[in-house]
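Heads up: the structure comes next, in structure tokens.
Here the structure is a predicted model, which is why all the values come from computation and not from measurement. Each chain gets a letter, A, B and so on, in the order its sequence line appears, and its residues count up from 1.
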Amino acid sequence: MQRYTQIQMTIPCQTTKELLSKAYALNHMSVGELARQWQFSMPNDTRSSKGFVGQLLEIALGTDSGNKPQPDFEHLGIELKTIPINPKGQPLESTFICSAPLNPILGQTFEESLLYKKLKKILWIPIITAQKSQPFIERKIGRAILWEPSTEEYTTVKTDWEELIEMISLGQLANITANHGTYLQLRPKAANARVLSKGIGEQGEPILTLPRGFYLRADFTKKILK
DNA sequence: TGCTGATCATGA
DNA sequence: TCATGATCAGCA
């Protein structure tokens with residue numbers, strides 16, 4: 001097992017403007033170049049190093065949240081996401097946003113949810129990926145996009161969230177598939193299929209079930225990046 | 001061949 | 001175990 005990093009520290013950006021100019025400066029740079037600049041050792045394969053590019057960008061842009069459940073740039077209210085896109089600008093994957101509560105807080109509104117806190121402002125860093133098999137080192141960083149949901153996007157995501165949370169609350173977890181939701185999906189988010197966490201069963205009883213996460217569909221992020 | 005369900009790595 | 005960072009891979 002290999003650590004990606006040496007210990008690195010960056011001074012967090014104080015303003016959104018400062019963060020954006022840092023992000024724009026990475027445009028056209030390859031992931032390999034950025035890794036070299038930060039003395040990251042490049043992983044050999046994408047499979048065993050899925051989070052590599054995301055971690056690299058966190059260091060390069062100086063996030064300050066660690067792995068706490070809050071936006072990466074907490075003081076700016078901005079979440080950082082790398083997203084693999086093909087040369088036509090189409091996302092290759094859906095985007096994980098946050099883990100889903102399997103025992104939702106009763107009465108919690110969308111605005112109070114972790115999902116909303118992360119979604120309300122996202123700095124997208126496109127990673128131009130010729131093919132899924134292309135090694136990280138060759139992939140190129142694209143132009144960053146600071147995004148906030150439009151009224152329509154906000155409303156649709158909110159509706160998705162409310163429907164999914166209601167199903168979870170009513171013990172319908174077993175019936176939720178990735179087909180639910182217009183922009184949002186609820187899908188497994190675990191090390192493997194044997195990982196269990198506490199949820200709500202059909203009769204309201206506690207059950208053990210696979211941890212889930214909220215993801216944005218690739219069709220949706222495609223619109224965002226346009 | 002796109003999408004859903006499964007999986008990989010790290011840190012606290 | 002649960003949070004973060006995501007991509008893999010088999011099947012419809």
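Shown here is A/Leu208, whose CG atom has more than 12 heavy atoms of other residues, nucleotides or ligands within 6.0 Å. For A/Glu33, the CD atom counts as densely surrounded, since its 6.0 Å shell holds more than 12 non-hydrogen atoms of other residues, nucleotides or ligands. Residue A/Glu205 qualifies as enclosed at atom CD: its count of foreign heavy atoms under 6.0 Å is above 12.
Residue A/Thr46 places at least one side-chain N or O closer than 4.0 Å to OP1 or OP2 of C/dC8. Of the side-chain N and O atoms in A/Arg47, none sit less than 4.0 angstrom from OP1 or OP2 of C/dA6. Dashed line: the shortest gap from a side-chain N or O of A/Ser99 to OP1 or OP2 of C/dA3 is under 4.0 Å.
Distance, A/Asp45 CG to C/dA6 P: 17 Å, rounded to whole Å. At whole-Å resolution of the value, CD in A/Gln55 and P in B/dC8 are 17 Å apart. Taking atom CZ on A/Phe73 and atom P on C/dG5, their separation rounds to 11 Å, with Å as the unit. Distance, A/Arg217 CZ to C/dT7 P: 18 Å, rounded to whole Å. To the nearest angstrom, P of B/dT1 lies 17 Å from CG of A/Asp219. Between the CD atom of A/Gln70 and the C1' atom of C/dC2 there is a distance of 15 Å, given to the nearest Å. Put simply, CG on A/Asn179 is 13 Å from P on C/dA12, counting in whole angstrom units. With rounding to whole Å, A/Leu115 atom CG is found 11 Å from C/dT4 atom P.
Using a 4.0 Å cutoff on non-hydrogen atoms, the parts of residues 162-178 of chain A near DNA chain B are A/Thr177, A/Ala178, ordered by number. Contacts between residues 180-197 of chain A and DNA chain C, defined by a heavy-atom separation below 4.0 Å, involve A/Arg187, A/Lys189, A/Leu196, A/Ser197, listed by number.
For the pair A/Cys98/A/Leu119, no side-chain contact is recorded, criterion being any heavy-atom separation below 4.5 Å from C-beta on. Proximity of A/Glu153 to A/Phe220: side-chain heavy atoms (C-beta onward) are separated by under 4.5 Å at one or more points. The closest side-chain heavy-atom distance from A/Leu26 to A/Leu61 is below 4.5 Å.
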*Derivation and outcome, salt bridge (charged side-chain N to carboxylate O under 4.0 Å, His left out), residues A/Glu111 and A/Lys120*: CA-CA 9 Å; A/Glu111 290 74 14; A/Lys120 65 183 175 187; over 6 Å; no
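Nearest-nucleotide mapping onto DNA chain C: of A/Cys98 and A/Arg139, the residue sitting toward the 5' end is A/Cys98. Judged by closest nucleotide on DNA chain B, A/Lys132 is the one of A/Tyr215 and A/Lys132 placed further toward the 5' end.
When heavy atoms are screened at a 4.0 angstrom cut-off, A/Glu79 is found touching the sugar-phosphate backbone but no base atom. Backbone-only engagement by A/Pro84 is indicated by non-hydrogen atom pairs under 4.0 Å involving sugar-phosphate atoms exclusively. No contact: A/Thr95 has no heavy atom under 4.0 Å from any strand. Residue A/Leu210 is classed as a sugar-phosphate contact, given heavy-atom separations below 4.0 Å to backbone atoms only.
In this structure, a donor-acceptor pair under 3.5 Å is absent between the side chains of A/Glu93 and A/Tyr215. A donor and an acceptor atom, one from each side chain of A/Glu152 and A/Thr156, are located under 3.5 Å apart.
The residue from A/Ile145, A/Leu57, A/Ile97 that alone fulfils the side chain to side chain contact (heavy atoms under 4.5 Å, CB included) condition with A/Lys81 is A/Ile97.
If you check distances only, the side chain of A/Lys68 never reaches the base of C/dT4 with a donor-acceptor pair under 3.5 Å.
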